[in-house]
Amino acid sequence: MRGAVFSVALAGLMNAAMAADGVDAIKKRGTLVVGVKADYKPFGFRSPEGAIVGIEPDLAADIAKRLNVKLELVPVVASNRIEFLQQGKIDVLIATMSDTPERRKVVQAIDPPYYSDFVNVLMPKSTQVHDWPDLKGKTLCATSGSWYNKDVARTYGAELSAFDGSEKPLLALKQGNCVGYVYDQTFIQGRLLEADWNGAYAMPLKGVLPTRWIMAVAPGNETMKAFLEGATRDWMKTGLIVDEEKKFGITPTEYARTMHEQAAAAK
């Protein structure tokens with residue numbers, strides 16, 4: 001039994017070391033392993049054929065191309081994405097992760113942040129909620145692990161019912177278990193492009209709690225950190241993220257447009 005425990009612990013250490021080895025190790029392996037969402041349209045979702053596609057998989061593919069290696073995408077959710085990085089299951093995390101001081105203590109964030117978004121609520125059009133204070137005492141569905149859940153509850157007096165991922169809270173919303181689903185604004189925009197949602201649902205509130213999104217690598221992975229920071233600056237110069245937003249049918253965010261304009265002007 002002690003031998004088995006030691007083997008498991010050793011495997012964990014080897015995985016963590018693999019993730020921290022950096023650019024040279026990834027090139028030698030020939031494969032870049034990236035954690036992305038598979039339930040967050042348009043940033044990461046399943047195609048009809050079952051492949052993971054979206055804005056962040058496209059960014060991951062660009063990184064793999066720059067490294068001249070193959071790409072392996074690993075689906076993650078908010079509640080396990082940092083754990084996957086810490087355990088060495090992935091080399092890079094690109095999974096709609098908001099930038100918070102607590103997260104920067106346990107992962108190595110890539111600067112500048114590649115994206116920024118607001119928090120908003122998807123609700124039936126029949127719901128009589130016109131401003132955030134109207135949510136006081138009402139139940140909102142939410143995703144476990146979202147950093148803003150406590151802020152929404154504390155600031156606006158809403159009661160939160162949290163689920164793993166995004167599909168479960170969406171189902172709970174359809175079943176009438178909550179008045180709305182509080183989540184990232186761009187995710188809601190993506191859902192409202194679908195016929196299943198745009199007929200009876202809407203996003204009537206103004207976005208709040210703006211926050212930037214970060215890519216991350218394991219602490220100590222300095223070579224990959226430097227490589228990704230260079231890639232991010234290049235994305236901003238070329239306008240790749242703005243192009244990706246347009247490709248998947250969402251309005252380019254002010255952050256993406258501003259960062260592109262500033263980077264392009266600095267050429």
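Worth knowing before you read on, the calculation uses all heavy atoms, side chains too, and leaves out hydrogens, waters and symmetry mates.
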Answer whether the closest heavy-atom distance between the side chains of R29 and V69 falls below 4.5 Å.
no
If you measure only the distance, is there a donor-acceptor pair under 3.5 Å linking the side chains of E244 and Y115?
no
Give a yes-or-no answer on whether the side chains of T143 and Y181 include a donor-acceptor pair shorter than 3.5 Å.
yes
So, T96 versus K37: side-chain donor-acceptor pair below 3.5 Å or not?
yes
Check step by step if ring-ring contact (aromatic ring centres under 6.0 Å, His included) holds for Y255 and W213.
CA-CA 11 Å; Y255 180 79; W213 292 0; over 10 Å; no
How close do T139 and S161 get, counting heavy atoms only, and between which atoms?
CG2-CB, 4.2 Å
Group every Ile, Leu, Val, Met, Phe, Trp and Tyr by side-chain heavy-atom contacts under 4.5 Å, then state whether L205 and L209 land in the same group.
yes
Indicate the atoms forming the closest heavy-atom contact of L67 with M224, along with that distance.
CD1-CE, 3.8 Å
Establish, yes or no, whether a centroid distance under 6.0 Å links the rings of Y40 and Y183.
yes
Pair D131, K206 - check salt bridge (Lys or Arg N to Asp or Glu O under 4.0 Å), show working.
CA-CA 8 Å; D131 201 356; K206 182 179 180 180; over 6 Å; no
Please find the pair of heavy atoms, one from E56 and one from I94, that lie closest to each other, and give the distance.
OE1-O, 3.2 Å
Pairing of K89 and E83 as salt bridge, 4.0 angstrom limit:
no
ILVMFWY cluster, V77 and V182 together (side-chain gap under 4.5 Å):
no
Between D62 and K65, does at least one N-O distance fall below 4.0 Å, as a salt bridge requires?
no
Determine whether the side chains of Y148 and D184 contain a donor N or O and an acceptor N or O closer than 3.5 Å.
yes
Quick one, D196 and R191 - any side-chain contact, counting heavy atoms below 4.5 Å?
no
Are M215 and I63 packed together at the side-chain level, in the sense that at least one heavy-atom pair is separated by less than 4.5 angstrom?
yes
Go through I52 and R46 one step at a time and tell me if the side-chain contact (heavy atoms from CB on, under 4.5 Å) criterion holds.
CA-CA 5 Å; I52 304 176; R46 296 282 184 180; 3.5 Å; yes
Hydrogens and angles aside, do S98 and W147 bring a side-chain donor and acceptor to less than 3.5 Å of each other?
yes
Side chain to side chain, L122 and I188, heavy atoms closer than 4.5 Å:
yes
State plainly whether the residues D111 and R104 are in salt-bridge range, i.e. N to O under 4.0 Å.
yes
If you compare all heavy atoms of A64 against all heavy atoms of L32, which two are closest, and at what distance to 0.1 Å?
N-CD2, 3.9 Å
